[in-house]
Amino acid sequence: MERYNHREVEEKWQNKWDSEKVFLASEDYSKQKYYVLEMFPYPSGKIHMGHVRNYTMGDVVARYKRARGFNVLHPMGWDAFGMPAENAAMQNNIHPAKWTYQNISNMREQLKLLGLSIDWSREIATCDPEYYQHEQRLFLDFYRKGLVGRKKSKVNWDPVDNTVLANEQVIDGKGWRSGAEVETKELTQWFFNITNYANDLLSKLDKLSKWPEKVKTMQNNWIGKSTGLQFKFEIVIAPDDDCKTIEVFTTRPDTLFGASFVAVAADHPIVKKLEKNNREINSFIKECRSKGTTLAEIEKAEKIGFNTGVKVKHPFIKDKNLDVYIANFVLMEYGTGAIFGCPAHDQRDLDFARKYDLDVIPVVLPEDIEKGKFIIENEAYTGNGTIFNSDFLDGKTIEEAKDTIVERISKNLIDGSPQGQKKITYRLRDWGVSRQRYWGCPIPIIHCGDCGVQEVPDDDLPVRLPDDVDFSVPGNPLEKHPTWKKVKCPNCQKDAVRETDTFDTFVDSSWYFARFCSPKANQPVNRESVDYWLPVDQYIGGVEHAILHLLYSRFFTRAMKETDHLSLDEPFSGLFTQGMVTHETYKDSSGNWLFPEEVMLDGSNPVHIKTGDAVTIGPIESMSKSKKNIIDPQSIVETFGADTARWFILSDTPPERDIQWTDKGAEASSRFIQRIWKIVNDGMSIISGNTIDEPKEFTENSLNIRKITHKAIKDITDALENLRFNRAIAHIYELSNEMQSIINKNKKLNDISELYAFRELLETYCQLFAPMAPHLAEECWKIIGCNGIISQREWPQLIEKYIQEDTVLIVVQVNGKKRGEIEVAKGLSKNEVEAAAMKIDNVSKSINSKIRKIIYVPNRILNVVI
RNA sequence: GCGGACGUGGUGGAAUAGGUAGACACAAGAGACUUAAAAUCUCUCGGAGGUUACUCCGUGCCGGUUCGAGUCCGGCCGUCCGCACCA
């Protein structure tokens, strides 16, 4: 027997699959389809272990479903627009397109080495005008349907580089390149009106039964539906005569009598008026903005406020006025950008009240506390109770009080309209898609001084990115390009300018799954194709996309339905979110990170290979370039082969959890690949290579072999159906151990039924591990003399009768503790099992008092309670 | 800060419906084969006690429900992820 040579074998079968077109999806729409998709990669240059994990999982599903007879669509493409290409252009003076396409071609080669069963004929890259022209078409279709709008929004502005910064480019409030203090600036930008669908996106989550609960919960919270009261405070002391009211939103109208202040966002319209001739307010607002633009930063920042001097009238307490503060924790994006604060029953309001010495008036009394003894210290009371200190609400429950307030306030009229009404608010905001960058899909709009916003006419699509761009000066190259933006207005033919913003790359990835169905269609999608292939049956990717990408895709699907491109709402019927790949980290004595290949073990002490210096092993973290704890998949594939890499990445760790890459584990996987090869070869020799027709009768021994075979079919099929790849592999190990022991016990099999049973086992074995280690499986299939390509074989059929047992093992407990076990015929009565159990010495010994009751779970457990 | 998850031997993990905790693997140790090594094959492997039979303890911590809890409930501790311009 020759040692298994992964280099030769893997290349051979990859070529064979290619030349036989084994993995092309069929356009025969009468077949039952299965669409499996992994989130497509950003072409950063090299594949990483996260990709290996993601694409291997998808590949196992694709191969398994193909074997189950489905017409499988398993495509691959590139999320090819984005900032890194522009950074490369600036740093290395290489054109973003050139950089991107080099990376794509490099990564494509690397992916091919993994032996993925991908239909490469459908490959797409989002930076290709062939792709993005259709995105422009979709944008215009959405625009006409009112799904697109323009509004002002804030961006991070680097005043030195004169450029907009992404959140990740702002480090400690400073620009990453210039180091300048980042400012916030308002720009008019394009938005998709995702909030139109807020309720639909929320309510249809329930129907996504094959999505992880946690992702649905996260989306649910993200959309953040809340029902409350929106009402106007009348202003008593105003900044000017135009300001008559401030409108607030609250989910706790029942606490209105506990209100002690009103707070507005720093960019509330009223603040803009106040700010004009007030230096103090001006500097306060600057301070608010310096705390950062992300939600996390804002909410982590210390709660600060500024008393504006404006006062409003309490709607129900005569002569009571509330001070209006500007507060950094009130957000313009949510509700009305203004709130009333009830410190006794909201922690944030309480912290604020303590800081500025405001009244704390409790209005909800907990059930078990007396009125006089209920004191709020430093913890707000948010629980249930009875309303008090609240005039006409006293004695009511929270719910009753809410209803009463809503009713009363809607009857108050201000200038003839109700002072307030019940209102549903969402946390979800419209999706800002404008980016002031070059390497993205141009937004197909023309701005005319006279006619305003104009669509680019259909005949002029696509709007292509210019090739000749200059990255030597900071800022958007499209803006700075000498000619590109200069066009005639399609309406009046006068001079006009193109929109120089490009799309957020999330737009590109919000519909690529639909494009894969008909990647060459001359409209965004071909209706017949998408109607057949969509939805994606199994989508697999990182949990970091649980909210944005998935929500945007769900929105796009709805918008494409409304514009007659699709006929469904939900793009992904099954979703799986995989964990990350982690590795130990290493640091040298001066605290520099080291690559794993720079470290070796001297005895049990890690040392630097070159210098011999001691190395500290740090915590296990997800692989990242900055910490250098990365393992290059290509070198793993070269050393051990693709099957080993695939095997390791699927073994042991459940797919949704983080997996730790270890050298030992990779070596063990490699050894196991060799072991399979040996078992198959040894197996062939104990049946002397025989092929036997199915005999009429089976010996006990051969029935045992068939039991092993069919038990394995059941276990591995179950595991794969549920994406429990680690368990599928554990069952392969188990099966291998069984086969090993048959081989050890029998130098040669002679009985016809045993020969038949063992050959069945050998063939089944190869088929069962084929989705995980496909190259090895093809080669083994050939060695055992089977024809054709195993990747095209039908999945082995489970025959139930071979795995049926007539006896069961029943555990006998006394007071819940195991005291023995008995093997009895299946389906025995409680009395019979009881009698058998009492015969066990250890059981009768431990029953030292009267039996109180006996619990019997048929065929499982008997518990004697004394 | 808000939201979401996770926590089981030296290690990764298994336990599908509340019913034998530790499948399978890694590491470690012992043995067989070999002139030797590698490879391969076989066995042991949560802790404590006991010659064996077996007993007690044990799934982050504290409490609860139950005949029975890794699994369900309440509270805590720890770790990780997301937070709208990274993709």
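Heavy-atom basis, side chains included; hydrogens, waters and symmetry copies ignored.
Closest contact between the side chain of K818(A) and the listed nucleotides G82(B), A84(B), U20(B) involves U20(B). Nearest nucleotide to the side chain of R435(A), out of C85(B), A87(B), G3(B): C85(B). Among the nucleotides A84(B), G19(B), A25(B), the one closest to the side chain of Y733(A) is A25(B). For T653(A), taking side-chain heavy atoms from C-beta onward, the closest of the listed nucleotides G13(B), U20(B), A23(B) is G13(B). In the set A14(B), A84(B), U20(B), the nucleotide with an atom closest to the side chain of W222(A) is A84(B). Distances were taken from every side-chain heavy atom of N167(A) (C-beta onward) to each of C86(B), C83(B), G4(B); the shortest belongs to C86(B). Relative to the side chain of D652(A), the nucleotides C24(B), C54(B), C6(B) differ in distance, and C24(B) lies closest. Side-chain proximity of R724(A) to A14(B), A5(B), A87(B): nearest is A14(B). Residue N221(A) places its side chain closer to G3(B) than to any other of G3(B), G13(B), C86(B).
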Are F640(A) and E667(A) close enough, and set up right, to give a side chain to side chain contact (heavy atoms under 4.5 Å, CB included), and what steps lead you there? CA-CA 8 Å; F640(A) 297 110; E667(A) 282 158 25; 4.0 Å; yes
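Ion pairing between a basic and an acidic side chain is recognised when a charged N comes within 4.0 Å of a carboxylate O; K714(A) and D718(A) show such pairing. One finds no salt bridge joining K845(A) and D841(A) here, because no Lys/Arg side-chain nitrogen approaches an Asp/Glu carboxylate oxygen to under 4.0 Å. Ion pairing of R177(A) with D158(A) is absent here, as no side-chain N (NZ or NE/NH1/NH2) approaches a carboxylate O to less than 4.0 Å.
In this model, the phosphate group of C67(B) is approached by a side-chain N or O of K853(A) to a distance below 4.0 Å at OP1 or OP2. For the OP1/OP2 pair of C57(B) and a distance below 4.0 Å, the side-chain nitrogens and oxygens of K817(A) include at least one atom meeting the criterion. The shortest distance between the side-chain N/O atoms of N726(A) and the OP1/OP2 oxygens of A25(B) is not below 4.0 Å. Taking only side-chain nitrogens and oxygens, R819(A) comes nearer than 4.0 Å to OP1 or OP2 of U55(B). Note on R671(A): a side-chain N or O is less than 4.0 Å away from OP1 or OP2 of A27(B).
Toward the 5' end of RNA chain B, the nearer of the two residues S651(A) and K303(A), judged by each one's closest nucleotide, is K303(A). With RNA chain B read from its 5' end, the first of the two nearest nucleotides for I547(A) and Q740(A) is the one closest to Q740(A).
Counting non-hydrogen atoms under 4.0 angstrom, V155(A) reaches a base of the nucleic acid. Counting any heavy atom pair closer than 4.0 Å across all strands shown, L428(A) reaches a base atom.
F191(A) carries K151(A) over the face of its six-membered ring, with the cationic atom under 6.0 Å from the centre and within 45° of the normal.
With a 3.5 Å limit on both pairing distances and Watson-Crick or G-U wobble geometry required, the stems of 3 or more pairs in RNA chain B span B:1-7 with B:77-83, B:10-12 with B:24-26, B:28-32 with B:40-44, B:46-49 with B:54-57, B:60-64 with B:72-76.
Between F81(A) and W439(A), the angle of the ring planes goes over 60°, which puts this pair in the perpendicular group of the 30/60° scheme.
Counting heavy atoms from C-beta outward, D643(A) and Y4(A) have side chains that approach closer than 4.5 Å.
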